[in-house]
Structure formats: structure tokens, C-alpha cells
A.B. asks: 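Before we start, here is the structure in question, set down as C-alpha cells.
Throughout, numbering of the chain's residues begins at 1 and tracks the sequence.
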Amino acid sequence: QVQLVESGGGLVQPGGSLRLSCAVSGSISRMSVMGWYRQAPGKQRELVADIFSDGRTNYADSVKDRFIISRDNAQNTMYLQMNSLKPEDTAVYYCRGVTAWNKLYWGQGTQVTVSS
């Protein structure tokens, strides 16, 4: 049974950085695409970034040039390096994985708060 577990969230000042991790049980190699989504209070969950098996990445315009998504197959872990954080980045960040046969998995989420 695949499980996704996020970590690395917390409180950071505007302009600061955080690195989120998503540990995958059952092997990350089973995932055709993995991504980070976020949901702020009163808003819908939205795509932050995703990464495909071939290394191709995709970013929301709001985080482009600030965030970097990566995956380490040997460590069965996906990462989101978040730089130049803004208050509007405050949200619960969720890890998502989709297998080649379109089975969808979600993590429980980790809170990121950007505030002075």
C-alpha cells in the first residue's frame, strides 16, 4: 500500500526559504508523475509544481523562478525547495502521486506559514 508523508513545513519570514519533503513508501518509481499542491483557507486546492518520471517539470506561474521541484528515486523522496517566500504562499502543502495506471495518492499535508 502506497503512502506519502510530507515533512519540512513550518513558520518562516517573508523572503525566507523552506524545503519540503515527501517520502514515498512502495517505491517512488511506481509514480508516473508526482506533484505538490497547496490549499489556503477559503480557497481551492491548487497545483504548485509537478515532476514526471523523465524529469520534466511544471510550475504554477505564481511560484515559477522561486520554487524548485525534484525527486530522488534512490531515496524514494520528492522535494520542494521554496525560496523567496511570500505571505501568499501560506497554505497547507500536499504531496500527490499518480501511478502509470492512474491510481492517485495524497499525503496528509504540511503547514507552511509565511509571516513576520
Side-chain angles (χ1 to χ4, degrees):
Q1 185 76 14
V2 172
Q3 288 186 318
L4 309 180
V5 181
E6 302 97 336
S7 62
L11 176 65
V12 64
Q13 292 184 330
S17 298
L18 283 174
R19 190 192 194 199
L20 305 183
S21 298
C22 174
V24 181
S25 66
S27 182
I28 198 171
S29 64
R30 297 173 61 191
M31 304 296 180
S32 294
V33 58
M34 294 196 67
W36 290 96
Y37 288 71
R38 67 187 182 187
Q39 187 166 21
K43 295 187 176 181
Q44 295 183 23
R45 191 172 299 185
E46 64 178 3
L47 172 70
V48 177
D50 52 26
I51 183 166
F52 295 83
S53 298
D54 62 3
R56 189 173 75 259
T57 58
N58 178 56
Y59 296 91
D61 288 342
S62 59
V63 307
K64 196 174 300 179
D65 301 322
R66 296 190 297 123
F67 292 8
I68 302 172
I69 189 170
S70 62
R71 60 192 287 177
D72 187 334
N73 289 354
Q75 296 294 321
N76 285 326
T77 304
M78 179 181 66
Y79 303 96
L80 184 68
Q81 179 66 47
M82 304 185 294
N83 302 313
S84 301
L85 283 161
K86 305 174 181 179
E88 51 262 46
D89 294 318
T90 296
V92 177
Y93 284 70
Y94 296 91
C95 176
R96 189 192 76 153
V98 184
T99 68
W101 46 97
N102 293 318
K103 178 72 173 179
L104 181 63
Y105 296 92
W106 287 96
Q108 293 268 293
T110 185
Q111 177 71 47
V112 173
T113 302
V114 184
S115 176
S116 60

A.B. asks: Should we count CD of Glu88 as having more than 12 external heavy atoms under 6.0 Å?
C.D. replies: yes
A.B. asks: So, do Val48 and Met82 sit near enough that their side-chain heavy atoms are less than 4.5 Å apart?
C.D. replies: no
A.B. asks: Does the plane of the ring in Phe67 sit parallel, tilted or perpendicular to the ring in Tyr93? Use 30° and 60° as the thresholds.
C.D. replies: tilted
A.B. asks: Does the distance from a Lys or Arg side-chain N to an Asp or Glu carboxylate O, for Asp61 and Lys64, drop under 4.0 Å?
C.D. replies: yes
A.B. asks: If every non-hydrogen atom of Gln81 is compared with every non-hydrogen atom of Asn83, which pair is closest and at what distance?
C.D. replies: NE2-OD1, 3.1 Å
A.B. asks: Identify whether Val12 and Leu80 are in the same connected component of the hydrophobic contact network (ILVMFWY, side-chain heavy atoms under 4.5 Å).
C.D. replies: yes
A.B. asks: Given side chains that start at C-beta, do those of Arg38 and Ser62 come closer than 4.5 Å, heavy atoms only?
C.D. replies: yes
A.B. asks: Flag the pair Gln111 / Thr90 as yes when at least one side-chain heavy-atom distance between them is below 4.5 Å, and no otherwise.
C.D. replies: yes
A.B. asks: If I compare all heavy atoms of Cys22 with all of Met34, which pair ends up nearest, and what's the gap?
C.D. replies: SG-CE, 4.1 Å
A.B. asks: Could you grab the distance from atom CD1 of Ile68 to atom CD1 of Ile51, nearest 0.5 Å is fine?
C.D. replies: 11.0 Å
A.B. asks: Of the non-hydrogen atoms in Asn76 and Ile28, which two are nearest, and what is the gap between them?
C.D. replies: OD1-N, 3.0 Å
A.B. asks: Show the nearest heavy-atom pair for residues Ser32 and Ala100, with the distance to one decimal.
C.D. replies: OG-CA, 2.9 Å
A.B. asks: Is there side-chain contact between Val112 and Leu20, with heavy atoms separated by less than 4.5 Å?
C.D. replies: yes
A.B. asks: Please answer: with hydrophobic residues joined when any side-chain heavy atoms are less than 4.5 Å apart, are Leu4 and Leu104 in the same cluster?
C.D. replies: no
A.B. asks: Looking at Gln75 and Thr77, what are the two nearest heavy atoms and their distance?
C.D. replies: O-OG1, 2.8 Å
A.B. asks: Measure the spacing between CE of Met31 and CG of Asn73 and express it to the nearest 0.5 Å.
C.D. replies: 11.5 Å
A.B. asks: Any side-chain heavy atom of Val24 within less than 4.5 Å of one from Tyr105?
C.D. replies: no
A.B. asks: Closest heavy-atom contact between Ser116 and Pro14?
C.D. replies: N-CD, 3.6 Å
A.B. asks: Using side-chain heavy atoms (C-beta onward) and a distance below 4.5 Å, is Val98 in contact with Lys103?
C.D. replies: no
A.B. asks: What I'd like to find out is whether the side chain of Trp36 reaches to under 4.5 Å of the side chain of Glu6, using heavy atoms alone.
C.D. replies: yes
A.B. asks: May I ask you to decide if Gln3's main-chain N or O and Ser25's side chain share a donor-acceptor pair within less than 3.5 Å?
C.D. replies: yes
A.B. asks: Using the test side chain to side chain contact (heavy atoms under 4.5 Å, CB included), find all partners of Asp50 that sit at least two apart in sequence or belong to another chain.
C.D. replies: Val33, Leu47, Phe52, Asn58
A.B. asks: Any heavy-atom pair between the side chains of Met78 and Ile69 that's under 4.5 Å?
C.D. replies: yes
A.B. asks: Keeping Gln39 on the side-chain end and Ala91 on the backbone end, is there a donor-acceptor pair under 3.5 Å?
C.D. replies: no
A.B. asks: Quick one: do the Thr113 and Ser115 side chains pair a donor with an acceptor below 3.5 Å?
C.D. replies: no
A.B. asks: Would one find more than 12 heavy atoms of other residues, nucleotides or ligands at under 6.0 Å from atom CG of Asp65?
C.D. replies: no
